[in-house]
Amino acid sequence: MTFRGATGKLRNFNDFARKSGRLPKTLTAALGPWVGSDIIKPSMSISRVSYTLDSTLESVNTAEETAMKMAAKAGFGEDESHQIAMSVREAAVNAVLHGNAYDPQKKMRMSIEHTGDKFIVSIADEGKGLKPEEVPDPLAQENILKQSGRGIFLIKSFMDEVRIRLLDPGTEITLIKHVHGNAAGASEERQ
Amino acid sequence: MTMKASTRQVDGITVVDLSGRITLGEGSVVLRDTVRDLLAKGDRKMLLNLGEVTYIDSSGIGELVSAFTTVRNQGGELKLLNLTKKVHDLLQITKLYTVFDIKDDEAAAISSFKK
């Protein structure tokens with residue numbers, strides 16, 4: 001494993017109280033009398049993990065596998081978990097290959113957050129910055145047989161929301177998948 | 001699971017049985033090297049059997065496209081066989097489904113190559 005500083009953590013209770021979202025049934029039961037008090041309200045962020053990873057292919061695999069596990073844990077089915085994991089893989093490849101260009105001095109940062117109704121992954125690099133308007137349309141006739149240029153397109157196909165933000169230096173891409181009824185229910189059952 | 005490729009000859013057609021993941025890194029390199037080696041031997045008719053390919057990313061898609069155009073530019077034919085649902089869906093989304101000649105029956109695929 002090459003990632004450094006993995007910090008899986010539940011947010012503190014005061015943070016929970018400030019966040020919107022639903023509290024899982026079983027967690028509500030476990031927390032019992034605290035829920036609804038000034039300390040915990042039935043609205044919270046379930047979990048957030050963040051990683052700092054080296055600019056390597058191994059990190060890409062780590063990011064993908066982590067996303068797959070957390071998506072399944074959040075209650076997504078196999079197809080949606082696969083879509084999330086593949087989107088994370090594509091974003092991680094962009095960060096490591098196109099952004100950081102495998103530079104050992106540059107890191108990829110990834111965070112995965114599961115709120116009550118959203119599964120949010122952010123991936124940031126320290127590269128020269130991606131300008132989305134300059135990414136060619138891979139479906140255009142003149143691009144259809146090009147070897148590369150489909151990563152962002154696939155991410156947008158698989159995720160519900162995609163945001164790209166230029167950093168100084170680098171690029172941050174945020175991928176959001178909405179938690180639908182079945183996934184939310186499964187999430188509550190799995191807590 | 002890394003990717004494996006093995007080749008066999010059926011009625012003058014080179015069938016390449018692929019298994020595992022065609023992704024950036026080893027998987028894409030195995031596919032690239034396999035096609036390059038076959039072309040170097042003079043094989044121009046290739047049927048890529050993707051039945052055991054569990055996963056493919058945009059790099060893998062790019063490698064398939066590259067293999068297709070490389071073989072075609074050398075006067076050959078490259079076709080795909082036995083797509084899994086995930087690979088099928090990816091080729092649909094990227095509009096490559098109509099670019100490749102895709103088959104789901106090996107015997108029919110073999111006989112579809114130009115003699």
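What you see is a predicted model, and the numbers here were worked out from it, not measured in a lab. Within every chain, numbering begins at 1; the chains are lettered A, B, ... in the order of the sequence lines, protein sequences first and strands thereafter.
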Check your understanding: Who pairs with B:Y97 by ring pair (Phe, Tyr, Trp, His ring centres under 6.0 Å), at least two apart in sequence or on another chain?
Key ->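 Per chain and number, B:Y97 pairs via ring pair (Phe, Tyr, Trp, His ring centres under 6.0 Å) with B:H88.
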**Study point:** chain B contacts, top residue of A:R89, A:R150, A:M86 (heavy-atom pairs, under 4.5 Å)
**Key:**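 Answer, by heavy-atom pair count under 4.5 Å with chain B: A:R89.
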Check your understanding: Can you check whether A:L145 reaches B:R72 side chain to side chain, under 4.5 Å on heavy atoms?
Key ->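 Answer yes - side chains close enough.
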Check your understanding: Heavy-atom distance under 4.5 Å between the side chains of B:T94 and A:L154, does that happen here?
Key ->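 Side chain of B:T94 against side chain of A:L154, heavy atoms only: contact under 4.5 Å found.
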**Study point:** Test item: A:E90 side-chain N/O and B:S58 main-chain N/O as donor-acceptor pair under 3.5 Å
**Key:**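 Judged by distance alone, yes, a pair lies under 3.5 Å.
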Exercise for review: Check each atom of B:T69 against the heavy atoms of chain A and say whether the ones under 4.5 Å are side chain, backbone, both or neither.
Suggested key: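 Just its side chain gets close to chain A.
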Point to revise | B:L90 versus chain A, the contacting section by heavy-atom distance below 4.5 Å | key: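 Interface part for B:L90: side chain.
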Hey, quick one: are [X] and [Y] part of the same hydrophobic cluster, counting side-chain heavy atoms closer than 4.5 Å, chains of contacts allowed?
| X | Y | result |
| --- | --- | --- |
| A:M70 | A:I176 | no |
| B:L78 | B:L96 | yes |
| B:L47 | B:L80 | no |
| B:F100 | B:V16 | yes |
| A:I84 | A:M110 | yes |

Review point. Within a radius of less than 6.0 Å around CG of A:D103, do more than 12 heavy atoms belonging to other residues, nucleotides or ligands occur?
Key: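 Yes.
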Exercise for review: Would you indicate whether A:E78, at its atom CD, is surrounded by more than 12 heavy atoms from other residues, nucleotides or ligands within a distance under 6.0 Å?
Suggested key: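 Open: at most 12 neighbouring heavy atoms sit under 6.0 Å from CD of A:E78.
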To the nearest 0.5 Å, tell me how far [X] [atom1] sits from [Y] [atom2].
| X | Y | atom1 | atom2 | answer |
| --- | --- | --- | --- | --- |
| B:K86 | A:H82 | NZ | NE2 | 5.0 Å |
| A:S148 | B:E63 | OG | CD | 10.5 Å |
| B:K85 | A:D79 | NZ | CG | 5.5 Å |
| A:F158 | B:I93 | CZ | CD1 | 4.0 Å |

Review point. Which heavy atom of A:L57 sits nearest a heavy atom of B:G25, and at what distance?
Key: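 Closest approach of A:L57 to B:G25: CD1-CA, 3.7 Å.
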**Study point:** Residues of residues 120-142 of chain A with any heavy atom under 4.5 Å of a heavy atom in chain B
**Key:**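 Under the 4.5 Å heavy-atom cut-off, A:L139 qualify.
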Check your understanding: Of the backbone (N, CA, C, O) and the side chain (C-beta and beyond), which part of A:I144 lies under 4.5 Å from a heavy atom of chain B, both, or neither?
Key ->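 Both backbone and side chain of A:I144 come within 4.5 Å of chain B.
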